[in-house]
Amino acid sequence: MKAVLYEAFGEAPSVRTVPDPAPPPEGVVVKVEATGLCRSDWHGWMGHDPDIRLPHVPGHELAGTVAAVGAGVTRWKEGDRVTVPFVAGCGRCFECTSGNHQVCEHQYQPGFTAWGSYAEYVALDFADTNLVALPPDMEFATAASLGCRFVTSFRAVVDQARTGPGEWVAIHGCGGVGLSAIMIASAMGANVVAVDLTDDKLDLATKLGAVATVNATRTPRVVAAVKEITDGGAHVSIDALGHPTTCYNSISNLRRRGRHVQVGLMLGEHSKPQIPMAKVIAHELEIRGSHGMQAFRYQAMMEMIRAGKLRPERLLGRRISLDEAPAALMAMDDFEAVGIGVIDRF
Ligand SMILES: [Zn+2]
Ligand SMILES: [Zn+2]
């Protein structure tokens, strides 16, 4: 099969012919029909993820058709249209049996702990626990865009932040995660303030439901601006970018007893950000992480998509071929395109 492969961190990946994967005993092989371009893939390529063993094939936001099934799989068959959360739980450890597959102790992550979906085929372990059937009318590109950023945002807004109608929600960073969170929080009846450095992303944020925007290039005092718009501070604030500045601002612009959720990854030099801990104590702030979403929680999200309240297809950005993927991966830190980019030609 064709796959994007790199042999050393930070060295140019290339499209190669590599052996086709075989299904694990409890897993499947999926013929990849679409796979998202995510900044986590860039982090992996840079060597920021200790799970990656070289040589490596990136890619973790995917949708496709089941092409082969392991002997122990009971729920899936060849030809099924599926997607998968980027964290696939083992289904057996304490976290999985308590319903928290997103923090499984033995988690399988295509594109990190194993070869990923920048390829014609990808193997996925623990299929019965983690595969999600696609609605017949959902396009593969839309389904692929759900697997990492959209579901992590859904869990952040709905399950981790417990966002309620009428609450103020500040979203710092309007990339794929931030735009997803804006759409989801607006659908939950919250009032969203979007923060970013560029007007084109803030324009899209407004189209997706944000009621106010802050351009941090023109507004140096972001925290004060959010507090003014929200009349005292946001109830919920999300760092959707993953940077010491956005993390600090997100916690600092909360009102008393506000909830911060960290969704953007903090890796490498950014792994130890400053936290205004005195304020966390005095104002009883909550700080939580959000890491993927369990496959069983997709049902609630899919019902909101079916009802037309969430329209993830509106977040799709450019579509490229596998041959264009190495250049796109390497350029990801310099320039983040508007919306979620997808590889849909192999
Ligand atoms: Zn991702
Ligand atoms: Zn587990």
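Starting from 1, each residue takes its place in the sequence as its number. First listed ligand is number 1; within each ligand, the first listed atom is number 1.
Donor-acceptor pairing under 3.5 Å is lacking for the side chains of Ser237 and His260.
Here the closest non-hydrogen pair linking Val214 and Leu202 is O-CD1, 3.7 Å. In plain terms, the two heavy atoms of Cys104 and Gly89 that are nearest each other are CB-CA, 3.6 Å.
Taking the ring centre of Phe140 as origin, the terminal cationic atom of Arg81 falls inside the region bounded by 6.0 Å and 45° from the ring axis.
Within the coordination shell of the Zn ion (ligand 2), defined by N, O or S atoms under 2.8 Å, His106 is absent. For residue Cys96, an N/O/S atom approaches the Zn ion (ligand 2) to within less than 2.8 Å.
Atoms SG of Cys93 and SG of Cys104, as seen from the Zn ion (ligand 2), are separated by an angle of 110°, to the nearest 10°.
Inter-residue side-chain proximity for Arg162 and Asp159 is flagged as unmet; no heavy-atom pair is nearer than 4.5 Å.
Remark: Asp49 pairs with no residue by the side-chain hydrogen bond (donor to acceptor under 3.5 Å, both in side chains) rule, at least two apart or across chains.
Within 6.0 Å of atom CZ in Arg306, 12 or fewer heavy atoms from other residues, nucleotides or ligands are found, so the atom counts as exposed in its surroundings.
Counting only distances under 2.8 Å, and ignoring water, the protein N, O or S atoms around the Zn ion (ligand 1) are Cys38 SG, His60 NE2, Cys148 SG.
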